[in-house]
Amino acid sequence: MTYLVRLTKTEAGADEMIQNTFIRVWLARAKLADIETPDKWIFRLATNEAYSFLRVRARHEEVLAAVRAEGGPEPVLQPSDTTAYRELKAAIAEAIARLPGRRRQIYLMSRERGMRQQQIADELGIALSTVKNTLGEAMEAIRQHLTVRGLLMLAVLFTLR
């Protein structure tokens with residue numbers, strides 16, 4: 001975090017970047033096993049988040065300077081992404097809680113415990129294809145829940161930044 005605070009000169013911005021970095025790690029968790037140096041990969045993600053933050057801040061300052069130069073009112077700042085992140089996180093937790101028992105169990109084994117599909121199949125004594133299908137069904141249910149709540153695009157935006 002110290003690195004991000006030094007780069008951005010703001011602790012709140014560093015907190016937001018850390019959250020965004022962990023979201024990106026979470027969304028790419030299936031690739032983690034194949035990454036030789038995950039600590040360096042995560043550091044690179046955090047650095048990219050910082051550079052994106054600095055670009056956005058620079059654009060924001062340019063707009064403010066232009067508005068001030070023309071004597072117009074300053075634009076109203078939008079709520080921080082932190083609030084949107086919390087709402088998205090709560091909606092995902094709600095969607096997971098609504099999954100049927102076995103589907104939720106398999107999803108959590110994969111996503112929270114970081115188990116590979118074959119490990120899940122072995123531990124539960126079920127076919128690998130059952131694990132794959134169940135994970136696909138769980139992801140679809142979560143996507144549908146986010147869509148109904150109007151948050152699917154927010155989830156996509158967090159992954160694109």
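No hydrogens, no waters, no symmetry mates; every other heavy atom, side chains included, goes into these values.
Annotation: the span from Met115 atom CE to Asp122 atom CG amounts to 8.5 Å, rounded to 0.5 Å. For the atom pair CG (Leu135) and OG1 (Thr130), the distance works out to 11.0 Å, reported to the nearest 0.5 Å. A distance of 10.0 Å separates CZ of Phe22 from CG of Leu45, quoted to the nearest 0.5 Å.
With sequence neighbours left out, Phe43 forms a ring pair (Phe, Tyr, Trp, His ring centres under 6.0 Å) with Tyr3. Every residue was checked against the side-chain hydrogen bond (donor to acceptor under 3.5 Å, both in side chains) condition with Glu36, not counting sequence neighbours, and none meets it. With sequence neighbours excluded, the residues satisfying side-chain contact (heavy atoms from CB on, under 4.5 Å) with Ala46 are Leu4, Thr21. For the side-chain hydrogen bond (donor to acceptor under 3.5 Å, both in side chains) test, no residue two or more places apart in sequence or in another chain qualifies with Gln119.
You'll find the side chain of Thr37 stays beyond 4.5 Å of the side chain of Trp41, heavy atoms only. The side-chain heavy atoms of Leu124 and Gln105, taken from C-beta on, include a pair separated by under 4.5 Å.
Hydrophobic clustering, with ILVMFWY side chains joined whenever heavy atoms are under 4.5 angstrom apart, groups Leu99 together with Trp26. Linking ILVMFWY residues whenever their side-chain heavy atoms come closer than 4.5 Å, directly or via other members, places Ile142 and Leu108 in the same cluster. No chain of hydrophobic side-chain contacts below 4.5 Å, direct or via other Ile, Leu, Val, Met, Phe, Trp or Tyr residues, connects Ile96 to Val148. In the hydrophobic clustering of this structure, Leu128 does not group with Tyr107; members are Ile, Leu, Val, Met, Phe, Trp, Tyr whose side-chain heavy atoms approach within less than 4.5 Å, directly or through other members.
For residues 99-114, the set of pairs meeting the salt bridge (charged side-chain N to carboxylate O under 4.0 Å, His left out) definition, not counting sequence neighbours, comprises Arg103-Glu137, Arg113-Glu123. Pairs engaging residues 37-48 under the salt bridge (charged side-chain N to carboxylate O under 4.0 Å, His left out) rule: none recorded [sequence neighbours left out].
Residues His145 and Ala91 come closest through the heavy atom pair CD2-O, 3.3 Å. In plain terms, the two heavy atoms of Ile126 and Ile106 that are nearest each other are CD1-CD1, 3.8 Å.
With respect to Ile42, the side chain to side chain contact (heavy atoms under 4.5 Å, CB included) criterion is satisfied by exactly one of Val25, Ile35, Thr47: Val25.
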Would Ile120 and Thr134 count as a side-chain contact (heavy atoms from CB on, under 4.5 Å) if you check the C-alpha gap in whole Å, the side-chain angles of each, and the deciding distance to 0.1 Å? CA-CA 11 Å; Ile120 296 169; Thr134 303; over 6 Å; no

